[in-house]
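Below: the structure, in structure tokens.
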Amino acid sequence: MNVFRLTGDLSHLAAIIILLLKIWKSRSCAGISGKSQLLFALVFTTRYLDLFTSFISLYNTSMKLIYVACAYATVYLIYMKFKATYDGNHDTFRVEFLIVPVGGLSVLVNHDFSPLEILWTFSIYLESVAILPQLFMISKTGEAETITTHYLFFLGLYRALYLFNWIWRYAFEGFFDLIAIVAGVVQTILYCDFFYLYVTKVLKGKKLSLPA
């Protein structure tokens with residue numbers, strides 16, 4: 001494992017922990033898109049079905065279980081425990097416009113036409129756009145809490161670090177996965193505007209807002 005993958009995994013984990021702590025400590029999920037969290041839960045569910053078929057390492061298995069458990073814990077907090085604080089009026093992104101095209105693309109463009117491989121490919125494509133409902137929600141409300149922006153920053157940092165991971169693996173291992181790389185580039189591009197606003201506003205103590 002190279003340093004970019006490790007720091008990427010840690011950034012991803014940090015984002016998840018920040019979000020869970022934010023919801024639990026404030027006893028509120030205001031400003032959090034439940035639809036994005038449902039998409040992430042779907043991403044991890046379809047990606048890590050290989051938990052039942054193969055074992056790579058204790059680290060690999062542990063991280064997969066943590067991601068799946070945290071994803072469903074977040075969904076539970078939003079839609080059940082703190083449902084009264086969920087802002088469904090602003091969380092209105094039509095997720096079917098993401099799921100249907102991604103599902104079709106994963107059937108047409110994959111490494112191997114088998115159920116597990118298609119589901120893995122589906123998860124890669126879906127993760128690249130799963131944050132859109134959250135960004136859409138911020139654009140509708142006009143601003144985001146600082147803690148929510150920290151969550152988004154670490155989530156975006158995770159994807160950016162994974163791009164360097166793919167570059168490292170190609171240079172030193174000769175490994176190249178076009179599907180994962182293209183999806184990672186798309187996801188990182190979606191965060192570019194947010195990264196700029198995070199650095200120029202949030203880090204200077206100002207509130208973040210996205211243009212409608």
Side-chain angles (χ1 to χ4, degrees), residues 1-19 31-33 35-44 46-48 63-64 66-67 70-71 74 93 95 97-99 101-103 105-106 109-111 119-139 144 146-173 175-204 208-212:
M1 180 187 300
N2 63 71
V3 66
F4 297 113
R5 178 176 176 179
L6 179 59
T7 52
D9 286 346
L10 293 178
S11 295
H12 194 184
L13 188 59
I16 293 171
I17 292 174
I18 287 171
L19 181 62
I32 303 299
S33 168
K35 290 186 175 182
S36 270
Q37 297 310 312
L38 281 171
L39 291 179
F40 282 124
L42 182 58
V43 164
F44 296 135
T46 53
R47 181 175 302 172
Y48 298 143
M63 293 301 284
K64 289 177 179 179
I66 289 172
Y67 290 151
C70 288
T74 304
F93 192 94
V95 294
F97 292 154
L98 299 178
I99 295 175
V102 162
L105 185 61
S106 63
V109 183
N110 52 67
H111 295 310
L119 288 172
W120 178 86
T121 306
F122 172 81
S123 77
I124 295 296
Y125 292 151
L126 184 60
E127 186 183 21
S128 69
V129 294
I131 199 61
L132 283 177
Q134 180 66 66
L135 297 178
F136 182 72
M137 187 176 186
I138 293 175
S139 72
T146 300
I147 193 68
T148 304
T149 63
H150 293 332
Y151 157 72
L152 290 172
F153 172 78
F154 278 102
L155 202 59
L157 181 61
Y158 139 68
R159 289 315 309 177
L161 287 168
Y162 254 66
L163 285 181
F164 287 106
N165 164 62
W166 294 124
I167 294 172
W168 176 279
R169 294 193 65 182
Y170 177 71
F172 293 96
E173 302 174 15
F175 181 82
F176 184 78
D177 188 330
L178 185 60
I179 289 176
I181 292 174
V182 171
V185 169
V186 170
Q187 189 172 359
T188 304
I189 290 174
L190 291 178
Y191 281 95
C192 284
D193 186 43
F194 169 80
F195 280 145
Y196 173 77
L197 293 174
Y198 184 86
V199 172
T200 58
K201 290 190 175 183
V202 178
L203 294 184
K204 294 182 179 180
L208 180 142
S209 60
L210 291 178

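Note that these values count all heavy atoms, side chains included, but never hydrogens, waters or copies made by symmetry. Values in this document were obtained by computation on a predicted structure and should not be read as measured data.
Minimum interatomic distance between Gln134 and Thr148 (heavy atoms only, all atoms of both residues): NE2-CG2, 4.3 Å. Leu39 approaches Leu126 most closely through the heavy-atom pair O-CD2, 3.9 Å. Of all the heavy atoms in Asn110 and Ser106, the pair that sits closest is ND2-O, 2.9 Å.
Residues that satisfy the side chain to side chain contact (heavy atoms under 4.5 Å, CB included) test with Ile18, not counting sequence neighbours, are Ile147, His150, Tyr151, Phe154. Among residues two or more places apart in sequence or in another chain, the side chain to side chain donor-acceptor pair (under 3.5 Å) test is passed with Ser36 by none. Val185 meets the side chain to side chain contact (heavy atoms under 4.5 Å, CB included) test with Leu163, Ile181, Ile189; sequence neighbours excluded.
Panel note: side chain Arg159, backbone Thr188; no donor-acceptor pair is recorded below 3.5 Å. Listed for the Lys35 side chain is no donor-acceptor partner under 3.5 Å among the backbone atoms of Val95.
A heavy-atom distance below 4.5 Å is not found between the side chains of Tyr125 and Val186. When side chains are defined from C-beta on, Leu155 counts as touching Phe40, because their heavy atoms get closer than 4.5 Å. You'll find the side chain of Leu178 reaches within 4.5 Å of the side chain of Val182, heavy atoms only. Residues Gln37 and Ile32 meet the side-chain proximity criterion, which asks for heavy atoms closer than 4.5 Å. Within the 4.5 Å cutoff, side-chain heavy atoms of Leu152 are placed close to those of Ile138. Residues Tyr191 and Phe153 are not in side-chain contact: their nearest non-hydrogen atoms beyond the backbone lie 4.5 Å or more apart.
Between Tyr158 and Tyr162, the two ring planes are perpendicular [angle over 60°; tilted spans 30° to 60°]. Ring geometry, Trp168 versus Phe172: the interplanar angle falls from 30° to 60°, so the pair is classed tilted.
Surrounding CZ of Phe195 are more than 12 heavy atoms belonging to other residues, nucleotides or ligands, all under 6.0 Å away.
A ring-centre distance under 6.0 Å is found for His12 and Tyr67.
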